[in-house]
Each structure stands twice: as structure tokens, then as C-alpha cells.
Amino acid sequence: RFEDAETCARVGVERAAGAPQAWHIAATVAFGRGRLREAEAACRRGLEPAPGFAPLLHLLGIVLKTAGALPAARDALLAAVAAMPDDPDAQLTLGAVYLDLGLADDALRHLRLAIHRGSRGAEAYDNLGIAYLALGMLEPAIEAFDRAMTLNPRLTPALANAVMALRTA
């Protein structure tokens, strides 16, 4: 329940205001409730004592992406990747932001890294297919969409993207 989580987050921040983990919990709860400004503020507050705390940088990137602040999201995610280069989730999120920014080459690089470093979810392959398609690379795009649909047959974005790739072939 969010009420219980909010209480725990508030107590955690009160007792350990200098601990980035406490702010991460508070930001996660706020984000889960759809309170993006509050989530962003909690991320930034938690980064004050620990500017390189990768989980908070990653969460800040997600919050900013959701809010539509794509350049700021990219910057936060680049910092997260620099702090924790082997984290496939930060690479995946950064790749998605690059797609949203229309930078398919950059997206492709980070999506490949995400998969190489362990991201095996359907979203990774769907985004990889989108990047390939944006670069006019139809065969790898179709392969990526097929892999996404194999991983999650209910992933309708991958199916729609595959159909689009076939239509442009």
C-alpha cells in the first residue's frame, strides 16, 4: 500500500536525511504515486551528499523522461552510466531517451550495451528494433522485434513495429 510506503519513506528521510538510499525510497514512492515534481526533488536532495549515487541518477533520469525533460534525462542517465557502466537498466533507459530524442545511432549503441550487459527483456529488443528501423536496417529490426515478441507475445508495440518494418521493406 502506498500509504504505508509513504510513511516508511518519510520516517527514513527524517532519520537518515544524508543517506541517498532513504531519498531513493522517497523518490520511488512519489514516482509511483505520479508525483513527478516531488520525485525529482527527492532525487536531487539525495544526490546532494552523494552526487555519483547511480541508482538515484538512474531514477532521476526515469522521472525526467516521464516528465518530458529529455535533455535533462539524458544528462542524468549519462551520469548514472558513468557511475555504474555495467548496469544494463541504466543503459536501456538511456537508449530509450536517445530514441525519444531522435538520436538512433546513440540509442543503438546503448541498447546493444544493455543487452550485452544482461538486459534480456522484451522492451530492450523492441527498442533495439526501433533503433535499427530508424537507421534503415530492416533485417536486424525485424529480428529484434521477433525476439521481443518471443520474450513477450503480448507486447503489442513490438508487433506494431514489426509490421511497420515489413511495410517499409
Side-chain angles (χ1 to χ4, degrees), residues 1-2 5 21 24-25 27-40 42-43 52-169:
R1 295 184 353 191
F2 275 112
Q21 297 87 344
H24 188 274
I25 293 167
T28 301
V29 171
F31 181 71
R33 297 289 295 232
R35 298 193 305 248
L36 299 180
R37 287 189 187 126
E38 183 180 329
E40 179 185 352
C43 287
F53 187 63
L56 256 180
L57 288 165
H58 184 203
L59 182 55
L60 178 59
I62 292 169
V63 169
L64 293 168
K65 178 185 186 308
T66 303
L70 297 176
R74 178 198 56 219
D75 294 345
L77 291 163
L78 283 169
V81 165
M84 202 163 50
D86 291 331
D87 179 19
D89 296 331
Q91 295 284 355
L92 176 61
T93 308
L94 181 56
V97 167
Y98 277 127
L99 282 176
D100 290 345
L101 287 167
L103 301 170
D105 284 324
D106 292 321
L108 185 62
R109 184 175 71 251
H110 289 282
L111 293 167
R112 283 179 174 163
L113 282 170
I115 291 168
H116 176 73
R117 292 190 172 133
S119 185
R120 297 289 182 256
E123 179 187 1
Y125 287 96
D126 185 37
N127 284 342
L128 184 66
I130 293 168
Y132 279 130
L133 188 59
L135 294 168
M137 302 169 73
L138 298 179
E139 286 301 318
I142 292 168
E143 289 173 18
F145 294 138
D146 184 52
R147 178 76 173 133
M149 289 183 291
T150 299
L151 290 168
N152 182 356
R154 295 182 185 166
L155 186 68
T156 54
L159 178 58
N161 291 330
V163 169
M164 183 172 53
L166 290 172
R167 284 187 180 154
T168 59

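- With sequence neighbours excluded, the residues forming a salt bridge (charged side-chain N to carboxylate O under 4.0 Å, His left out) with Glu40 are Arg44, listed by chain and number.
- Leu57 is not listed as a side-chain neighbour of Leu77, based on a closest heavy-atom distance of 4.5 Å or more.
- With sequence neighbours excluded, no residue forms a salt bridge (charged side-chain N to carboxylate O under 4.0 Å, His left out) with Arg112.
- Every residue meeting the salt bridge (charged side-chain N to carboxylate O under 4.0 Å, His left out) condition with Arg109, not counting sequence neighbours, appears here in chain and number order: Asp106.
- Contact of the Ile25 side chain with the Gln21 side chain is not registered, since no non-hydrogen atoms from C-beta on lie closer than 4.5 Å.
- Looking at every heavy atom in both residues, Leu94 comes nearest to Val81 through CD2-CG2, 4.0 Å.
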Would you give me the side-chain donor-acceptor pairs under 3.5 Å for residues 146-154, sequence neighbours excluded?
{"unit_1": "Thr150", "atom_1": "OG1", "unit_2": "Asp146", "atom_2": "O", "d": "2.9"}
{"unit_1": "Asn152", "atom_1": "OD1", "unit_2": "Arg154", "atom_2": "N", "d": "3.0"}

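- Considering all non-hydrogen atoms of both residues, Leu92 and Ala124 come closest at CD1-CA, 3.5 Å.
- With rounding to the nearest 0.5 angstrom, the CG atom of Leu70 is 11.0 Å from the CG atom of Asp75.
- Sorted by first and then second residue, the salt bridge (Lys or Arg N to Asp or Glu O under 4.0 Å) pairs involving residues 78-105 (not counting sequence neighbours) are Lys65-Asp100, Asp86-Arg117.
- The heavy-atom pair separating Ala83 from Ala54 by the smallest distance is CB-CB, 3.9 Å.
- Counting only residues at least two apart or in different chains, ring-ring contact (aromatic ring centres under 6.0 Å, His included) contacts with residues 107-156 comprise Tyr98-His110.
- Exactly one residue among Thr28, Leu64, Leu60, Ile62 makes a side-chain contact (heavy atoms from CB on, under 4.5 Å) with Cys43. That residue is Leu60.
- Smallest separation of non-hydrogen atoms from Ala73 and Gly61: CB-O, 3.4 Å.
- Nearest approach of Leu128 to Leu111, heavy atoms of both residues: N-CD1, 3.7 Å.
- Of all heavy-atom pairs between Leu99 and Asn127, the closest is CD1-O, 3.6 Å.
- Between atom NE2 of residue His58 and atom CZ of residue Phe53 there is a gap of 13.0 Å, rounded to the nearest 0.5 Å.
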